[in-house]
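Reckoned from all heavy atoms, side chains included, excluding hydrogens, waters and symmetry mates.
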Amino acid sequence: MANITWREITACGASVAAVLYAIKLLMDRNHELTSLPPPVVGVEGLVGNTPMMLVKSLSEATGNNVYAKLEYMNPGGSAKDRVALAIIRDKESKGELSPGDCIFEGTSGSTGISIGTMANSLGYKAEIHLPDDTSPDKLALFGTLGVGLKKVKPASIVDPDQYVNSAKTATKRLTEDPNTEQRGVFADQFENDANWRIHYNSTGPEIYKQLKGKVDYFVTGCGTGGTIAGVCRYLKEKIPDVITVLADPQGSGFYNRIKYGVMYTNEEKEGTRRRHQVDTLVEGIGLNRITHNFHTGESYIDDSIKVTDEQAIKMAKYLSVHDGLFIGSSTAINAVAVLKLCKSTGIKGKNIVIISCDSGTRHLSKFWKYAIEVPNNTTIDDILG
């Protein structure tokens with residue numbers, strides 16, 4: 001009805017034309033009023049349903065359709081908003097959280113920012129424990145949120161002072177404090193089942209719907225393992241032929257795990273190494289231990305691709321110059337992995353999806369300190385070396 005022209009309406013006769021025209025006006029007005037989503041309640045109402053864009057430069061360079069799922073457009077600025085909200089809602093449903101309670105988490109940054117964002121909106125406190133080499137940009141964001149912050153030295157998970165263990169200890173200390181009724185709740189993103197499940201129930205279905213079920217490859221990194229586990233599991237159930245690829249930074253053990261079934265060489269023992277085998281500028285992905293979330297999705301991951309810091313740095317500048325896409329280090333890892341995937345397989349005309357985890361604003365003082373120096377005329381061949 002909304003496409004009927006005035007000429008067609010008047011051909012029906014004066015009285016009928018008046019009625020039809022009135023209906024048309026009403027339908028046009030109704031369409032205008034419903035073309036945008038209604039208001040939401042709080043920032044938590046904005047989590048999820050993030051847009052997806054075709055990355056033109058990578059698509060042209062590879063001969064495939066390379067799509068980025070823009071998770072940095074969540075209100076807290078990253079994919080971790082989904083996880084933070086899911087964990088809080090899960091704790092609420094179990095009666096473990098009441099207004100005024102404090103949520104503790106050990107994180108390299110983004111999950112802590114998301115927990116702080118959601119906690120502030122929902123009436124909780126938050127205290128974040130993180131490595132003292134976390135980017136200054138992320139530390140500044142914590143300051144804007146007013147959350148409690150404790151910085152610790154980077155260490156192996158077997159160290160009681162490692163940031164995850166430190167947060168767990170602080171949770172217990174508050175809960176057992178006889179001088180307060182405030183409870184402490186440990187978010188436990190690495191082991192919490194709510195992590196991978198929220199990606200299975202939201203991120204995966206969104207990707208599937210946005211591409212109308214036509215997903216040939218899915219490429220993303222792995223930190224806690226929640227995103228890759230949840231999305232890969234969902235996509236594999238809906239599209240058995242989809243190929244799933246873990247993009248891994250230097251120093252992380254996931255590449256060896258997927259390729260060879262072990263996190264380490266024969267000379268090393270799980271859980272004894274530092275967070276990274278070698279220095280890396282990448283935050284948010286890469287690990288040297290098996291988490292519960294990764295374990296739940298490991299069987300759904302087909303392959304892994306290793307990416308160096310140098311390649312990621314060049315990619316970040318390349319996408320900013322060619323696409324206006326200002327990304328963080330983990331997204332750059334994913335993008336380089338796509339180039340390597342296409343070069344090694346020779347695939348053409350496929351739909352490839354990556355997760356764009358967060359924007360470059362959280363990495364200006366660390367990762368982008370080097371990326372900004374990359375020449376504007378850097379090419380795809382330069383990135384791959």
**Student:** Quick one: are K172 and E176 in side-chain contact, heavy atoms under 4.5 Å?
**Tutor:**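 When only atoms from C-beta onward are counted, E176 and K172 do touch, with a gap below 4.5 Å.
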
**Student:** For a 4.5 angstrom cut-off between non-hydrogen side-chain atoms, does Q162 reach V152?
**Tutor:**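 The answer is no; the side chains never approach within 4.5 Å.
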
**Student:** Is the shortest heavy-atom distance from the side chain of N334 to the side chain of C357 under 4.5 Å?
**Tutor:**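 They are in side-chain contact.
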
**Student:** I'd like to know if L122 and V185 are part of one continuous hydrophobic network [Ile/Leu/Val/Met/Phe/Trp/Tyr, side-chain heavy atoms within less than 4.5 Å].
**Tutor:**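 Linked, V185 and L122 end up in one cluster.
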
**Student:** Side chains of T308 and Q250 only: does a donor on one sit below 3.5 Å from an acceptor on the other?
**Tutor:**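 No pair is found: no donor N or O on one side chain lies under 3.5 Å from an acceptor on the other.
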
**Student:** Indicate the ring-plane relationship of F294 and F254, choosing parallel, tilted or perpendicular according to the 30° and 60° boundaries.
**Tutor:**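 Rings of F294 and F254: tilted, 30 to 60°.
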
**Student:** Show your working on side-chain hydrogen bond (donor to acceptor under 3.5 Å, both in side chains) between K125 and Q182 and close with a plain yes or no.
**Tutor:** CA-CA 10 Å; K125 305 296 183 183; Q182 184 184 36; over 6 Å; no

**Student:** Measuring only between side-chain heavy atoms, which start at C-beta, is S78 closer than 4.5 Å to I113?
**Tutor:**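 A side-chain contact under 4.5 Å is absent here.
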
**Student:** Can you tell me how the ring of Y255 sits relative to the ring of Y260, calling it parallel under 30°, perpendicular over 60° and tilted otherwise?
**Tutor:**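 Geometry flag for Y260 against Y255: perpendicular rings.
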
**Student:** Among I354, L211, V215, which one satisfies side-chain contact (heavy atoms from CB on, under 4.5 Å) with Y67?
**Tutor:**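 The option that passes is L211.
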
**Student:** Quick one: salt bridge (charged side-chain N to carboxylate O under 4.0 Å, His left out) pairs with a partner in residues 197-213, sequence neighbours left out?
**Tutor:**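 Residue pairs with at least one partner in residues 197-213: K69-E206, R82-E206, D193-R197.
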
**Student:** Around atom NZ of K340, are there more than 12 heavy atoms of other residues, nucleotides or ligands at under 6.0 Å?
**Tutor:**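 Check passes, neighbour count above 12.
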
**Student:** Heavy atoms only: give me the nearest D90-S93 pair and the separation to one decimal.
**Tutor:**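 Taking D90 first and S93 second, the nearest heavy atoms are O-OG, 2.7 Å.
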
**Student:** Assess, by modelled atom type and distance only, whether the side chains of S114 and D81 contain a donor and an acceptor separated by less than 3.5 Å.
**Tutor:**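 Indeed, the side chains of S114 and D81 share at least one donor-acceptor pair under 3.5 Å.
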
**Student:** Looking only at heavy atoms, which two atoms of E127 and H129 are closest? And how far apart?
**Tutor:**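 Nearest heavy atoms, E127 then H129: OE2-NE2, 2.8 Å.
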
**Student:** Is it the case that atom CD in E310 sees more than 12 heavy atoms from other parts of the structure closer than 6.0 Å?
**Tutor:**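 No.
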
**Student:** Any side-chain heavy atom of F186 within less than 4.5 Å of one from V164?
**Tutor:**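 Yes, at least one pair of side-chain atoms sits under 4.5 Å.
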
**Student:** The test is side-chain contact (heavy atoms from CB on, under 4.5 Å); show your working for D216 and I352 and say whether it passes.
**Tutor:** CA-CA 6 Å; D216 299 300; I352 305 172; 5.8 Å; no

**Student:** Which pair of heavy atoms, one from S121 and one from G42, lies closest together, and at what distance?
**Tutor:**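 Where S121 meets G42 most closely, the heavy atoms are OG-CA, 4.1 Å.
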
**Student:** For M73, does the CE atom have more than 12 heavy-atom neighbours from other residues, nucleotides or ligands under 6.0 Å away?
**Tutor:**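 Counting neighbours around CE of M73, 12 or fewer heavy atoms of other residues, nucleotides or ligands fall under 6.0 Å, so no.
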
**Student:** Under 4.0 Å between a side-chain nitrogen and a carboxylate oxygen: does that hold for D177 and R173?
**Tutor:**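 No.
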
**Student:** Would you give the length of the straight line joining atom CD1 of I333 to atom CD1 of I327, rounded to the nearest 0.5 angstrom?
**Tutor:**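 Nearest 0.5 Å value for the CD1-CD1 distance: 9.5 Å.
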
**Student:** For Y200 together with Y234, are the ring centres under 6.0 Å from each other?
**Tutor:**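 Yes; Y200 has its ring centre under 6.0 Å from that of Y234.
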
**Student:** Could you tell me whether the side chains of R183 and S98 share a donor-acceptor contact shorter than 3.5 Å?
**Tutor:**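 Looking only at side-chain atoms, S98 and R183 do form a donor-acceptor pair, the distance falling under 3.5 Å.
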
**Student:** Assess whether a salt bridge exists between K306 and D248, defined as any Lys/Arg side-chain N lying under 4.0 Å from an Asp/Glu carboxylate O.
**Tutor:**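 Answer for the salt bridge query: yes.
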
**Student:** Determine whether I103 and M118 make a side-chain contact, defined as any pair of heavy atoms from C-beta on separated by less than 4.5 Å.
**Tutor:**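 No, side chains not in contact.
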
**Student:** Tell me which one of V336, N65, L319 satisfies side-chain contact (heavy atoms from CB on, under 4.5 Å) with L58.
**Tutor:**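 Result for side-chain contact (heavy atoms from CB on, under 4.5 Å) with L58: L319.
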
**Student:** Identify which one of S252, C232, S304 satisfies the side-chain contact (heavy atoms from CB on, under 4.5 Å) criterion when paired with L246.
**Tutor:**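 Considering S252, C232, S304, a side-chain contact (heavy atoms from CB on, under 4.5 Å) with L246 is found only for S304.
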
**Student:** If we ignore angles and hydrogens, is there a donor and acceptor under 3.5 Å between the side chains of H292 and N195?
**Tutor:**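 Their side chains do not contain a donor-acceptor pair, so the 3.5 Å distance test is not met.
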
**Student:** Please determine, by modelled atom types, if T227 and H199 share a side-chain donor-acceptor pair under 3.5 angstrom.
**Tutor:**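 Per modelled atom types, T227 and H199 side chains form a pair under 3.5 Å.
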
**Student:** F190 ring centre to R289 NZ or CZ under 6.0 Å, with the angle to the axis within 45°?
**Tutor:**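 Checked: cation-pi criterion met.
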
**Student:** At their closest point, which heavy atom of K214 faces which heavy atom of N351, and how far apart are they?
**Tutor:**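 In this case the closest contact between K214 and N351 is O-ND2, 2.8 Å.
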
**Student:** Can you tell whether the side chains of D302 and K236 come within less than 4.0 Å, N to carboxylate O?
**Tutor:**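 Salt bridge between D302 and K236, a charged N being under 4.0 Å from a carboxylate O: yes.
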
**Student:** Does any donor atom in the side chain of Q189 or T111 lie under 3.5 Å from an acceptor atom in the other side chain?
**Tutor:**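 There is such a pair (donor and acceptor under 3.5 Å, judged by atom type) between the side chains of Q189 and T111.
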
**Student:** Can you confirm whether more than 12 heavy atoms, excluding those of I372, are under 6.0 Å from its CD1 atom?
**Tutor:**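 Not more than 12 within 6.0 Å, no.
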
**Student:** Between C342 and N64, what is the shortest heavy-atom contact and its length?
**Tutor:**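 Here C342 and N64 meet closest at SG-ND2, 3.4 Å.
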
**Student:** Under a 4.5 Å cut-off applied to non-hydrogen side-chain atoms, are H363 and K138 in contact?
**Tutor:**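 Yes - at least one pair of side-chain heavy atoms lies under 4.5 Å apart.
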
**Student:** Just wondering, do L139 and L149 contact through their side chains at under 4.5 Å, heavy atoms?
**Tutor:**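 Yes; the side chains approach each other to less than 4.5 Å.
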
**Student:** Looking just at side-chain N and O atoms, do D159 and S156 make a donor-acceptor pair shorter than 3.5 Å?
**Tutor:**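 No, no side-chain donor-acceptor contact under 3.5 Å.
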
**Student:** Looking only at non-hydrogen atoms, find the nearest pair between F326 and W368 and report the distance.
**Tutor:**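 Between these two residues, the closest heavy atoms are CE1-CE2, 3.3 Å.
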
**Student:** Is there a donor in the side chain of H322 and an acceptor in the side chain of S57, or the other way round, less than 3.5 Å apart?
**Tutor:**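 No, S57 and H322 have no side-chain donor paired with an acceptor closer than 3.5 Å.
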
**Student:** Taking NZ, NE, NH1 and NH2 as the nitrogens, is one of them in D133 or K153 under 4.0 Å from a carboxylate oxygen of the other?
**Tutor:**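 The answer is no: the pair does not qualify as a salt bridge.
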
**Student:** Report yes or no: do W196 and F218 belong to one cluster of Ile/Leu/Val/Met/Phe/Trp/Tyr joined by side chain heavy-atom distances under 4.5 Å?
**Tutor:**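 As far as the 4.5 Å side-chain criterion goes, F218 and W196 are connected within one cluster.
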
**Student:** Using the rule given for side-chain contact (heavy atoms from CB on, under 4.5 Å), can you reason through Q210 versus V353, listing the C-alpha separation, both sets of side-chain angles and the distance that settles it, and then say yes or no?
**Tutor:** CA-CA 11 Å; Q210 285 170 312; V353 178; over 6 Å; no

**Student:** Is it the case that the side chains of E92 and Y124 hold a donor-acceptor pair, with the cut-off being a distance below 3.5 Å and no angle test?
**Tutor:**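 Yes, E92 and Y124 have a side-chain donor paired with an acceptor closer than 3.5 Å.
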
**Student:** One pair to check against side-chain contact (heavy atoms from CB on, under 4.5 Å): V231 and I207. What are the steps and the verdict?
**Tutor:** CA-CA 9 Å; V231 175; I207 291 171; 4.0 Å; yes

